[in-house]
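Proteins get letters first, then strands, A, B, ... in listed order; numbering begins at 1 in each. On a predicted model such as this, the values are computed, not experimentally measured, just so you know.
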Amino acid sequence: MNKVVPNVGGALKGIKSGMTLMLGGFGLCGIPENAIKELVKMGVRDLTCISNNAGVDDYGLGLLLQGRQIKKMISSYVGENDEFERQMLSGELEVDLIPQGSLAERCRAGGAGIPAFFTPAGFGTEVAEGKEVRMFNNKPHILEHALTADFAIVKAWKGDTEGNLIYKATAMNFNPMMAMAGKITVAEVEELVPAGTLDPNFIHTPGIFVQRIFQGEVFEKRIEQRTVRTR
Amino acid sequence: MNKVVPNVGGALKGIKSGMTLMLGGFGLCGIPENAIKELVKMGVRDLTCISNNAGVDDYGLGLLLQGRQIKKMISSYVGENDEFERQMLSGELEVDLIPQGSLAERCRAGGAGIPAFFTPAGFGTEVAEGKEVRMFNNKPHILEHALTADFAIVKAWKGDTEGNLIYKATAMNFNPMMAMAGKITVAEVEELVPAGTLDPNFIHTPGIFVQRIFQGEVFEKRIEQRTVRTR
Amino acid sequence: MALDKIGIAKRIAQELRDGWYVNLGIGIPTLVANYVPEGLSVEFQSENGVLGMGPFPFDGEEDADLINAGKQTITVKSGAAFFDSATSFAMIRGKHVQLTVLGAMEVSENGDIANWKIPGKMVKGMGGAMDLVASAENIIVAMMHSNKAGESKLLKTCSLPLTGVACVKKIVTELAVLEIKNGSFHLLERAPGVSVEEIVAKTEGALVIPKSVPEMVL
Amino acid sequence: MALDKIGIAKRIAQELRDGWYVNLGIGIPTLVANYVPEGLSVEFQSENGVLGMGPFPFDGEEDADLINAGKQTITVKSGAAFFDSATSFAMIRGKHVQLTVLGAMEVSENGDIANWKIPGKMVKGMGGAMDLVASAENIIVAMMHSNKAGESKLLKTCSLPLTGVACVKKIVTELAVLEIKNGSFHLLERAPGVSVEEIVAKTEGALVIPKSVPEMVL
């Protein structure tokens, strides 16, 4: 059983128009940038994309929006993207906005075989419309359901041939939960190493969650808000 | 704000008879052995102990059972302990047996502010008695509630002065979830190091979950089933 | 004289207590980190997965993999920890974070808050705000007293879609510090040189004014 | 001749497929790891928090911090990973483990299983078994056909408290391989030299017997 695929094309084989994809990352940090560019090339359409953000106009998921490849976005925050706002306000794009913590937990639940859970987040807001409300500890909570995807596409710092992954700093974000929640999980890594290279005590995503792994060709790792102090 | 306490006595200050404690470990692996011995010395009684196992007759939680300090055990597996079985069958000890995965998830939920979740584990068995059943994906699930504790006592390999913890191998087990679920969480570590020593990429339990930390005096680390092969 | 953004941040920093873990929202709240009173040890949590945030990096030392929830490049202090988004919101939902400071478009006299959507006009999304306000025991809103059109942001009822209900405990604006309890804004302090009359004029919701309203000491 | 424990383990090992992640229970199931067919890559998951279990350690090389769910000292292969109990059961509940092999005290013709309690006599607890049987799509029970009193363990209805309902797919005993479907045990294979009559005699639940019942090939 070989999880290693030689290139991004092989890694995304089987992704078809109309599918639901999860894509890791927070803003432009920790996004599977090689896979996103390949999705543009593949021309798949009518995608439902589950991702905390929607990239910027000319990078990340913004590229798929430009090409009208996305039918529906499931996200928590979509500022920083004019084309997104235009498509959403004009009704071209379906958007399901979810509190960030609920989004993370719903992905984890999907991967962990927990079909639903209660959370206080969103009670009394639009987010709670149509959802069951129940009191726990004298506080109202709403029932949220698990999310899964046909493909989860995550980006890691290093990965081994068994599919074990480690992430760097805040580039971890949504990647570990999404890795759990894909029917097929594809990992794009900066460095692919032989099994046995990574310390088994410090694996962020155990290989059992990963079906395919490849080393990305180019990592631009664009910074969204370069903020510095003077020396 | 100093989380470091000089010894086990200071670490357990405030634990009183009648309290609910969580104790990490699987079998005798990864148990807070110094803290358990101190609880024996303190003589606190009528404890409710949430722990996957109950130790063996003369080690681990078995020591608290011998002294009749435990009123109720919440566990998943309690074999390997004759005194336990005797107290349970005679009715001296209340026992709530919970599927291991539900126990782990209920602790995590307690720490994560998730008051309840659905799981398939235990449907159709004694465990489901009195619990809500609901179908998801054509499969029955039962509603399980979060667990929390007055004190969670966990054992880690290394910890720093900020309370960040790392565990070794399978001594991790229930410790990370219990660390999240204690009103006060006490960490017993083999080695206490200055903040900045541990790589922030590879922290298992972030310090926010830990209120007190101390370096254990003696670690016997007894092996329950020594199993070897011949050379 | 009304406070500037830095003044608001400084006043909020006075609310910090030793040993607290604090989540700061985008904008004015982010500035609070610069004014932690001396001698206090406070750790900043950012919901994208970091505890122990330090100052912004020096020019040339930015790391694309190390940002805060505002997507700004940051550094970390020694003793920091990184973690995934589910663990991050476990900290928030599980009440391990002692204080949340965030901005708002509107706050109502019963503590409702709106800050994520203007129907038909602007929808950036709630990000982590709904989780934060639904979970935190201690929420301070940092905002201007009025919007750009000059209308009060301290209202009887929020007109915009809500982020959370009955959750805001305290508000610090350029004019005043107010507490919310029993369905009213309670004036605690006024900015140096700002009159009670000005605060009354700019507050639409029910406002309780004590006999004497001290000036903030910054 | 009836199989011994090793024979049962060997027969179950034939059910393994390349790339599978497998959870083995205590007792006979643990032995399955020793008979993985050549050329297959199979990883063993232990619910106390390890993927990629290797053989038992050499004498003197035991590590108290490295055990399997049976509390036995183990080693790991290269490419292993350790994780906490919540993540471990996320793997199990989330169907990331392709096969579960466990022992049983009773199995009924509709696939119910009992293996954790004898009321008033023995209560060790269910450990991870309830999560495993409620979640796995593919469950094989490894057990003796009869108990020590000579009574069949393949029943119409379980008499002991259940571990899970309608979940067992296959059973391998010292006498036979049986599949459970449509509310009956279906005889697939018999142990070398064991007669169909003996299997019939020792099976209390409904048993479907095809025209020819091949002998196991071990």
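Both the backbone and the side chain of Asn201(B) come within contact range of chain C, each with at least one heavy atom under 4.5 Å from a heavy atom of that chain. When heavy atoms are compared at a cutoff of 4.5 Å, Leu198(B) does not approach chain C at all.
The nearest pair of heavy atoms linking Met180(B) to His96(C) is O-CE1, 3.1 Å. Of all heavy-atom pairs between Leu51(C) and Pro206(B), the closest is CD1-CB, 3.8 Å. Here the closest non-hydrogen pair linking Ala90(C) and Ala112(B) is CB-CB, 3.5 Å. Listed here is the closest heavy atom pair of Arg93(C) and Ile114(B): NH1-CD1, 3.5 Å. Residues Ala86(C) and Arg108(B) come closest through the heavy atom pair CB-NH2, 4.0 Å. The nearest pair of heavy atoms linking Asp160(B) to Gly79(C) is OD2-CA, 4.1 Å.
More than 12 non-hydrogen atoms from other residues, nucleotides or ligands lie less than 6.0 angstrom from CD of Gln14(C). Shown here is Lys168(B), whose NZ atom has more than 12 heavy atoms of other residues, nucleotides or ligands within 6.0 Å. Atom NZ of Lys95(C) is surrounded by more than 12 heavy atoms from other residues, nucleotides or ligands within 6.0 Å. Heavy atoms from other residues, nucleotides or ligands lying under 6.0 Å from NZ of Lys5(C) number 12 at most.
Per-residue heavy-atom pair counts under 4.5 Å with chain C were compared for Ala195(B), Ala181(B), Pro200(B), Gly113(B), and the maximum is reached by Pro200(B).
In this structure, the separation between NZ on Lys3(B) and OG on Ser41(C) is 8.5 Å, given to the nearest 0.5 Å.
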